[in-house]
Undergrad: 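Mind looking over this structure? Questions follow.
We name chains A, B, ... by the order of the sequence lines, and we start the count at 1 in each one. All values below come from the heavy atoms of this structure, side chains included, with hydrogens, waters and symmetry mates left out.
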Number of protein chains: 2
Amino acid sequence: MNLQQLRFVQEAVRRGLNLSEVAKALHTSQPGVSKAILELEHELGVDIFSRHGKRLRSITPAGEQLLKSVEVVLREVGNIKNIAAEHVRQGTGTFSIATTHTQARYVLPAPISRLRQDFPQLSISLHQGTPDQVAQMLLEDVAEIGIATESLTKYPDLVTLPCYDWQHMLIMPKNHPLAARKKPSLQEVAQQPLITYHPTFTGRTHIDQAFAAAQLKPHVVLEAIDSDVIKTYVRSGLGLGIIAEMAAASDFPDGLVAIPAGHLFGTNTTRIALKRGVYLRNFVYAFAQYLSSKLTQSAIDKAMRA
Amino acid sequence: MNLQQLRFVQEAVRRGLNLSEVAKALHTSQPGVSKAILELEHELGVDIFSRHGKRLRSITPAGEQLLKSVEVVLREVGNIKNIAAEHVRQGTGTFSIATTHTQARYVLPAPISRLRQDFPQLSISLHQGTPDQVAQMLLEDVAEIGIATESLTKYPDLVTLPCYDWQHMLIMPKNHPLAARKKPSLQEVAQQPLITYHPTFTGRTHIDQAFAAAQLKPHVVLEAIDSDVIKTYVRSGLGLGIIAEMAAASDFPDGLVAIPAGHLFGTNTTRIALKRGVYLRNFVYAFAQYLSSKLTQSAIDKAMRA
DNA sequence: TATCCTTACGGAATTCGTAAGCATG
DNA sequence: CATGCTTACGAATTCCGTAAGGATA
């Protein structure tokens with residue numbers, strides 16, 4: 001048995017039992033993957049995958065059970081590398097952060113520049129995606145920490161901790177009929193053409209829930225991942241924008257008005273997510289604490305153990 | 001990085017940093033061990049052991065930290081093998097039990113013969129030693145289950161569950177002055193020359209504690225591991241014997257009298273011990289339940305998770 | 001001097017790539 | 001017939017043994 005065989009098995013499951021994909025992902029030849037898995041199965045005396053002709057059809061019950069241990073082994077091998085890397089020189093290496101556009105654009109600049117100050121040797125890699133992609137990147141060890149408002153709590157292998165709370169803002173041109181109102185009602189908002197986030201992003205679920213609860217069917221004329229895109233279309237008069245407070249806070253473009261909308265859509269909580277069982281290098285703890293002073297090392301360790 | 005390197009590191013720590021011993025234990029050459037560890041250190045970029053000239057002197061802080069992950073990896077690799085072995089054919093393989101003489105001689109015969117009936121294909125290997133050796137055998141994966149009355153709860157990496165309770169018995173020749181008494185006092189016992197177990201065995205600590213609490217200093221003329229040895233010397237008139245109830249229960253030799261001594265030395269609890277985190281094959285659960293009907297699979301799994 | 005780790009080196013075994021074969025959809 | 005797994009085979013690498021070297025207690 002060797003670690004390579006275990007890697008192939010894990011990747012085969014992740015890639016839907018397609019060994020050619022596995023070979024591509026792990027930068028090796030497809031026959032090598034096939035052979036390694038066959039040899040492992042032979043050594044263990046158990047089929048891990050059931051085959052139909054020459055294709056992998058499904059994972060066997062034995063394979064299912066084995067996979068759990070395989071993942072622990074590979075996770076812990078990753079930890080060994082991280083622990084060693086940390087001892088080579090504190091604060092050296094690459095730190096991968098997975099997050100959504102809103103966080104990357106409006107929230108992370110400050111903590112990241114602080115991280116760069118405190119760990120000048122550190123390379124930082126920012127991965128952007130949907131909240132579910134963020135979760136996936138954590139699960140596949142592409143990223144070490146994830147930051148998002150949606151979805152993250154759905155995954156049992158992820159540990160999440162609340163980071164900060166925020167509300168939505170309504171944005172509109174200065175001459176918009178609602179611009180004078182302090183607290184527009186949900187009905188008033190629902191009558192406007194709306195521009196906001198894609199359904200899986202940045203608190204959009206809360207927006208939908210609020211309208212649904214009031215039995216309103218608003219017309220969302222444009223959905224975007226990107227707060228800047230929303231602002232642009234709002235400025236061009238396409239409709240009323242609903243964006244996250246973080247995106248409306250600073251450097252707010254001229255000609256637009258922002259009105260807090262917490263009374264309409266409630267409060268959202270952005271969370272950090274970590275993969276259960278992974279060893280966190282010191283700068284991960286540091287970064288978390290820059291994000292929120294409540295995210296101390298002891299708070300994180302406690303959540304990881306629970 | 002490969003598994004062999006990790007094995008060498010683990011074994012090096014276990015064998016007191018003596019690589020020659022490691023090579024012997026793992027049936028390979030000493031230079032191979034040395035080289036493998038050096039290569040691992042080089043790959044990780046961290047010294048695992050600090051060297052003094054050409055000898056290993058101590059484990060580095062990094063090594064200390066790495067070792068934890070190394071042990072998880074190797075434990076889980078063992079689990080992979082066990083899981084596979086179990087799927088090859090239920091109830092095949094070798095089951096290693098570590099225990100003390102008293103258990104092996106008086107308690108285990110019944111459960112073991114039942115195990116042999118239910119799993120005829122199973123090879124059973126019985127390892128005998130002191131309670132601390134039993135613990136050590138579990139920690140080093142020499143044995144899968146341990147059964148003993150003493151010591152086992154001292155080890156944080158072992159999970160123990162109570163198996164059955166018992167008391168000590170006084171044994172003596174029929175014509176002994178105490179033979180007529182139903183409940184001899186601690187004072188009366190303390191005046192006799194005593195024959196009982198070695199200090200680390202089979203409830204001996206309770207005996208010592210009872211005398212110490214009463215500020216009595218009994219004269220133990222002979223200590224043995226073995227209840228049969230104690231009986232032999234008692235029969236020859238060397239003194240009053242104190243043995244475990246299990247050893248006095250059946251096939252009790254002629255010419256000797258046994259008196260319960262629970263009122264003097266209290267109750268002892270024999271426990272089973274398992275190494276935290278190891279995968280237990282179905283016959284391990286079966287065996288535990290033969291030992292005590294309370295040791296169900298769910299009870300054991302619950303204790304292992306806690 | 002006895003023990004013990006490291007280095008050197010050569011043969012054996014393993015790994016891993018390309019090319020070819022064959023089954024599925 | 002395009003995709004995808006397995007088999008065959010050869011080159012490169014790694015592994016692992018013995019022998020020798022050097023350091024410690």
Side-chain angles (χ1 to χ4, degrees), chain A residues 1-60 62-63 66-67 70 73-74 77 80-81, chain B residues 1-60 62-63 66-67 70 73-74 77 80-81:
Chain A
M1 189 188 318
N2 62 50
L3 294 172
Q4 193 73 327
Q5 294 169 327
L6 303 186
R7 275 185 211 109
F8 290 162
V9 168
Q10 181 183 53
E11 201 64 25
V13 174
R14 288 183 175 175
R15 308 260 163 194
L17 311 189
N18 183 327
L19 300 194
S20 309
E21 287 293 311
V22 172
K24 226 176 290 173
L26 300 183
H27 308 106
T28 182
S29 71
Q30 181 272 316
V33 173
S34 174
K35 191 151 175 267
I37 292 178
L38 286 168
E39 276 170 357
L40 178 62
E41 291 181 317
H42 190 255
E43 177 184 342
L44 295 178
V46 178
D47 279 1
I48 297 173
F49 301 107
S50 68
R51 292 164 173 79
H52 189 247
K54 288 205 172 183
R55 323 219 150 184
L56 304 199
R57 165 135 307 191
S58 62
I59 186 166
T60 63
L66 287 168
L67 186 64
V70 168
V73 168
L74 295 176
V77 166
I80 287 175
K81 289 178 186 162
Chain B
M1 188 188 319
N2 61 50
L3 293 172
Q4 192 75 328
Q5 294 169 327
L6 304 186
R7 276 186 209 107
F8 290 162
V9 168
Q10 181 183 53
E11 201 65 25
V13 174
R14 288 183 176 175
R15 306 260 163 197
L17 311 189
N18 183 327
L19 299 194
S20 310
E21 287 292 311
V22 172
K24 227 177 288 172
L26 300 183
H27 308 105
T28 182
S29 70
Q30 182 271 315
V33 173
S34 174
K35 192 150 175 271
I37 292 178
L38 286 167
E39 275 170 358
L40 178 62
E41 291 181 317
H42 191 256
E43 178 184 342
L44 295 178
V46 177
D47 280 0
I48 298 173
F49 301 108
S50 66
R51 291 162 173 80
H52 189 249
K54 288 205 171 183
R55 331 219 140 180
L56 304 199
R57 167 135 303 191
S58 62
I59 184 166
T60 63
L66 287 167
L67 185 64
V70 169
V73 168
L74 295 175
V77 166
I80 287 175
K81 288 179 187 161

Undergrad: Looking at C/dC4, I'd like to know if its phosphate oxygens (OP1 or OP2) sit under 4.0 Å from a side-chain N or O belonging to B/H52.
TA: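 Answer is no, no contact under 4.0 Å.
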Undergrad: Please pick, from C/dG17, D/dG17, D/dC16, the nucleotide with the shortest atom-to-atom distance to any side-chain atom of A/T28.
TA: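 Of the candidates, C/dG17 comes closest.
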Undergrad: With the threshold set at 4.0 Å, does a side-chain nitrogen-carboxylate oxygen contact exist between B/R14 and B/E21?
TA: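 Here B/R14 does not pair with B/E21 in a salt bridge, since their nearest N and O are not under 4.0 Å apart.
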Undergrad: Rounded off to whole Å, could you give me the CD-to-C1' distance for the B/Q4 and C/dT14 pair?
TA: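 Rounding to the nearest Å, CD of B/Q4 and C1' of C/dT14 are 14 Å apart.
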Undergrad: If you assign A/P31 and B/L19 each to the DNA chain C nucleotide with the nearest heavy atom, which residue ends up on the more 5' nucleotide?
TA: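 Nearest-nucleotide comparison on DNA chain C picks B/L19.
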Undergrad: Kindly say if A/S29 contacts the phosphate of C/dT18, meaning a side-chain N or O under 4.0 Å from OP1 or OP2.
TA: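 No, A/S29 has no side-chain N/O under 4.0 Å of OP1/OP2 on C/dT18.
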Undergrad: Is any side-chain N or O of B/S20 closer than 4.0 Å to OP1 or OP2 of C/dC5?
TA: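 Affirmative; the distance criterion is met.
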Undergrad: Does B/R57 place a side-chain N or O at less than 4.0 Å from the phosphate oxygens OP1/OP2 of D/dA25?
TA: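 For D/dA25, OP1 or OP2 has a side-chain N or O of B/R57 closer than 4.0 Å.
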Undergrad: Verify whether one side chain among B/Q10 and B/R7 offers a donor that lies under 3.5 Å from an acceptor in the other.
TA: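 Per modelled atom types, B/Q10 and B/R7 side chains form no pair under 3.5 Å.
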Undergrad: Kindly say whether A/N2 contributes a backbone atom to a donor-acceptor pair with the side chain of A/Q5 at under 3.5 angstrom?
TA: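 Pair found, side chain donor or acceptor close to backbone of A/N2.
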Undergrad: Ignoring the backbone of A/K35, work out which of C/dC16, C/dT6, D/dG17 is nearest its side chain.
TA: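 Nearest nucleotide to the side chain: C/dC16.
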Undergrad: What is the distance, rounded to the nearest whole Å, between atom CG of A/L40 and atom P of C/dC16?
TA: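 After rounding, the reported distance stands at 14 Å.
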Undergrad: If you check every side-chain atom of B/R55, which of D/dT6, D/dA23, C/dA8 has the closest atom?
TA: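 Per side-chain heavy atoms of B/R55, the pick is D/dA23.
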Undergrad: Do the charged groups of A/E39 and A/K35 touch, with an N to O distance under 4.0 Å?
TA: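 Between A/K35 and A/E39 there is a salt bridge, with a charged N closer than 4.0 Å to a carboxylate O.
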Undergrad: Check the distance between D/dG17's C1' and B/L26's CG and give it to me in whole angstrom.
TA: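 Whole-Å distance recorded here is 16 Å.
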Undergrad: Starting from P on C/dC16, measure out to CD on A/E39 and report it in whole angstrom.
TA: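 After rounding, the gap between these two atoms is 10 Å.
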Undergrad: Measure the distance from CD on B/E41 to C1' on C/dT6 and round it to the nearest whole Å.
TA: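 Rounding to the nearest Å, CD of B/E41 and C1' of C/dT6 are 12 Å apart.
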Undergrad: Where the side chain of B/D47 meets the backbone of B/S50, is there a donor-acceptor pair that is under 3.5 Å apart?
TA: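 Answer holds: no.
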Undergrad: Using atom NE2 of B/H27 as one end and atom C1' of D/dG17 as the other, report the distance to the nearest whole Å.
TA: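 That distance rounds to 16 Å.
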Undergrad: Let me spell it out: for each of A/G32 and A/G53, pick the nucleotide of DNA chain C with the closest heavy atom. Which residue's pick is nearer the 5' end?
TA: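 With A/G32 and A/G53 compared, the 5'-side residue is A/G32.
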Undergrad: Base, sugar-phosphate, or nothing for A/I37, non-hydrogen atoms under 4.0 angstrom?
TA: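 No contact at all - A/I37 keeps every heavy atom at 4.0 Å or more from the nucleic acid.
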Undergrad: To the nearest Å, give me how far apart CG (B/L56) and C1' (C/dT6) are.
TA: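 So the CG-C1' distance, B/L56 to C/dT6, works out to 11 Å.
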Undergrad: Quick one: is B/S34 getting a side-chain N or O under 4.0 Å of the C/dT6 phosphate, OP1 or OP2?
TA: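 True: B/S34 side-chain N/O within range (under 4.0 Å) of C/dT6 OP1/OP2.
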Undergrad: Could you tell me whether the phosphate oxygens of D/dT6, OP1 or OP2, come under 4.0 Å of any side-chain nitrogen or oxygen in A/R51?
TA: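 True: A/R51 side-chain N/O within range (under 4.0 Å) of D/dT6 OP1/OP2.
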Undergrad: Would you mind reading off the distance between B/N2 atom CG and C/dC16 atom P, rounded to a whole angstrom?
TA: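 It is 12 Å, rounded to the nearest whole Å.
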Undergrad: Is the side chain of B/E11 donor-acceptor paired with the backbone N or O of B/L17 at a distance under 3.5 Å, no angle test?
TA: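 Between the backbone of B/L17 and the side chain of B/E11 there is no qualifying donor-acceptor contact (under 3.5 Å).
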Undergrad: Of all the nucleotides listed (D/dC5, C/dC5, D/dT7), which has the minimum atom distance to the side chain of B/K54?
TA: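 So the nucleotide nearest the side chain must be C/dC5.
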Undergrad: So, is A/N18 near the phosphate of D/dT3, with a side-chain N or O under 4.0 Å from OP1 or OP2?
TA: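 No, because none of the side-chain N or O atoms of A/N18 sits under 4.0 Å from OP1 or OP2 of D/dT3.
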